[in-house]
Amino acid sequence: MPLQARAEFAVLAALEECGSLSQADLGRRLGLDRNNVNDIVGRLHTTSRVIRSIDPADRRRNTVAMTEEGRLYLDELQAVTDQVQAELTEALSNDEKAQLRALLEKLLSFHPTLPS
């Protein structure tokens, strides 16, 4: 998956999980610089995959919400991700896949830029 698509996948997955978020919250949640978030959101907005609007509670902030087009794109990216993961783990038994998943979750739970 191209780097650009991976970044878009991360933003859309965060919006699916959390609902509408400010661009600053997206950046903190994903461990991304605000300029990178702005670029990613800009691309997704241009392709009608997200809606960017001014936060009525704080007009200095932009909030971002996923559109139906964004949800369809996320589904496409998820299908590609699932296929790649299946190919990568094809040689593992079900027990080994579960062990790998548990180890990766443990590593991610201690990552400094991700919420605990």
Checklist line | CG-CG distance between Leu74 and Leu44, expressed to the nearest 0.5 angstrom | finding: 10.0 Å
Note to self: Using the side-chain hydrogen bond (donor to acceptor under 3.5 Å, both in side chains) criterion, which residues pair with Asp75? Sequence neighbours excluded.
What the structure shows: none
Margin query: Once rounded to the nearest 0.5 Å, what's the spacing between atom CG of Leu72 and atom CG of Leu77?
Written below: 11.0 Å
Notebook entry, point to check: Considering all heavy atoms of both residues, which atom of Arg52 and which atom of Gly42 are nearest to each other, and what is their separation?
Noted result: NH2-CA, 3.6 Å
Notebook entry, point to check: Should we say atom CG of Asn94 is surrounded by more than 12 heavy atoms from elsewhere, each under 6.0 Å from it?
Noted result: no
Item checked: CG-CE distance between Leu12 and Met66, expressed to the nearest 0.5 angstrom -> 6.0 Å
Next item on the list: Indicate the atoms forming the closest heavy-atom contact of Asn35 with Asp33, along with that distance.
Entry: N-OD2, 2.8 Å
Margin query: For the CG atom of Asp55 and the CG atom of Leu21, what is their distance to the nearest 0.5 Å?
Written below: 11.0 Å
Note to self: I need the minimum non-hydrogen distance between Ser22 and Asp25, along with the two atoms involved.
What the structure shows: OG-N, 2.9 Å
Next item on the list: Report the C-alpha separation of Gln83 and Val80 in whole Å, then their side-chain angles, then the decisive distance to 0.1 Å, and conclude whether the side-chain contact (heavy atoms from CB on, under 4.5 Å) test is met.
Entry: CA-CA 5 Å; Gln83 180 181 352; Val80 171; 5.5 Å; no
Item checked: Thr81 side, atom OG1; Glu76 side, atom CD - distance, nearest 0.5 Å -> 11.5 Å
Check: Taking everything shown except Glu90 itself, do over 12 heavy atoms lie less than 6.0 Å from its CD?
Finding: no
Next item on the list: Give the cluster check for Leu92 versus Leu104: same hydrophobic cluster or not, with ILVMFWY residues linked at side-chain heavy-atom distances below 4.5 Å.
Entry: yes
Next item on the list: Count the heavy atoms belonging to other residues, nucleotides or ligands that lie under 6.0 Å from CZ of Arg34, then report whether that count exceeds 12.
Entry: no
Margin query: Using only atom types and a distance under 3.5 Å, with no angle test, would you say the side chain of Ser93 pairs donor to acceptor with the backbone of Glu96?
Written below: yes
Item checked: Test side-chain contact (heavy atoms from CB on, under 4.5 Å) applied to Val11 and Val37, step by step -> CA-CA 8 Å; Val11 167; Val37 173; 5.6 Å; no
Note to self: If you apply the rule side-chain contact (heavy atoms from CB on, under 4.5 Å), what do you find for Leu26 with Val64, and how did you get there?
What the structure shows: CA-CA 9 Å; Leu26 271 170; Val64 182; 4.2 Å; yes
Note to self: Could you walk me through whether Val41 and Val50 satisfy the side-chain contact (heavy atoms from CB on, under 4.5 Å) test, starting with their C-alpha distance in whole Å, then the side-chain angles of each, then the deciding distance to 0.1 Å, before giving a yes or no?
What the structure shows: CA-CA 7 Å; Val41 169; Val50 298; 4.3 Å; yes
Note to self: If we count only N and O atoms by modelled type, under 3.5 Å, do the side chains of Gln99 and Asp95 hold a donor and an acceptor together?
What the structure shows: no
Checklist line | For Asn38 against Gln23, the heavy-atom pair lying closest together | finding: OD1-NE2, 3.3 Å
Check: Does any donor atom in the side chain of Ser53 or Thr63 lie under 3.5 Å from an acceptor atom in the other side chain?
Finding: yes
Check: Would you say the side-chain atoms of Thr67 pair up with the backbone N or O of Arg49, donor to acceptor, closer than 3.5 Å?
Finding: yes
Checklist line | Residue list, side chain to side chain contact (heavy atoms under 4.5 Å, CB included) with Asp39, at least two apart or on another chain | finding: Arg43
Note to self: What's the separation between atom OG in Ser48 and atom CD in Glu68, rounded to the nearest 0.5 Å?
What the structure shows: 12.5 Å
